[in-house]
Amino acid sequence: MSEPSIFTRILEGEIPSEIIAETENTFAIRDINPRAPIHLLVIPKTPEYRNVVELAASDPELLAEMVGLANTLAAEHSDGDFRLVFNTGPGGGQSVFHVHAHVLAGGLDEASTGA
Ligand code: 5GP
């Protein structure tokens, strides 16, 4: 069995990080290395999907739950507008292979993906 992901370890309290919001099947934290004025991560509690392609193919309702939490957080932490980024694969900038959405908001640079 592979090691638990960093996000599973945060969810289980092994690594300190405030859980700023949660739904039945997802939770959110602040990115430790923010690349926008608001930079949050929305993460499924299950580690079973490595990336958004696997998630969308197997559990589109869970993907929709992630988008819903991102929308709620953007309204709570900013003006409601946001950019949602799913880095997919190492070449796409993904470093943690437990699917997560970057929620970027607040004075975004048009040229940059930010995450
Ligand atoms: P990826 O590069 O896989 O798209 O995104 C992983 C994100 O997780 C990165 O933006 C990185 O800054 C964030 N990250 C990595 N380790 C930690 C951590 O221990 N705590 C928090 N809050 N964020 C982390």
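For this chain, numbers begin at 1 and follow the sequence in order. Nothing here was measured: the structure is a model prediction, and the numbers come from that model. In listed order, ligands and their atoms are each counted from 1.
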Identity of the nearest option to atom 15 (C) of ligand 1, non-hydrogen atoms only, from Val99, Asn87, Leu41, Ile32: Ile32

Thr23 and Glu65: side chain donor to acceptor below 3.5 Å: yes

Nearest heavy-atom neighbours spanning Pro34 and His39: CA-ND1, 3.6 Å

Interatomic spacing from CG in Asp59 to OH in Tyr49 - rounded to 0.5 Å: 4.5 Å

Protein heavy-atom partner closest to atom 1 (P) of ligand 1 - residue, atom, separation in Å: His100 NE2, 3.2 Å

For Phe27 against Leu69, the heavy-atom pair lying closest together: C-CD2, 4.1 Å

Carboxylate-amine/guanidinium proximity below 4.0 Å for Lys45 and Glu22: yes

Nearest option to atom 22 (N) of ligand 1, as decided by whichever heavy atom of Glu18, Arg35, Gln94, Arg30 sits closest: Arg30

N/O separation below 3.5 Å, Ile29 to ligand 1: no

Glu54 side chain to Arg50 backbone, donor-acceptor under 3.5 Å: yes

Ligand 1-proximal atoms of Ser17, by part, heavy-atom distance under 4.0 Å: side chain

Ligand 1-proximal atoms of Phe86, by part, heavy-atom distance under 4.0 Å: neither

Minimum non-hydrogen distance to atom 11 (C) of ligand 1, winning option of Asn33, Val85, Val96, Asp31: Asp31

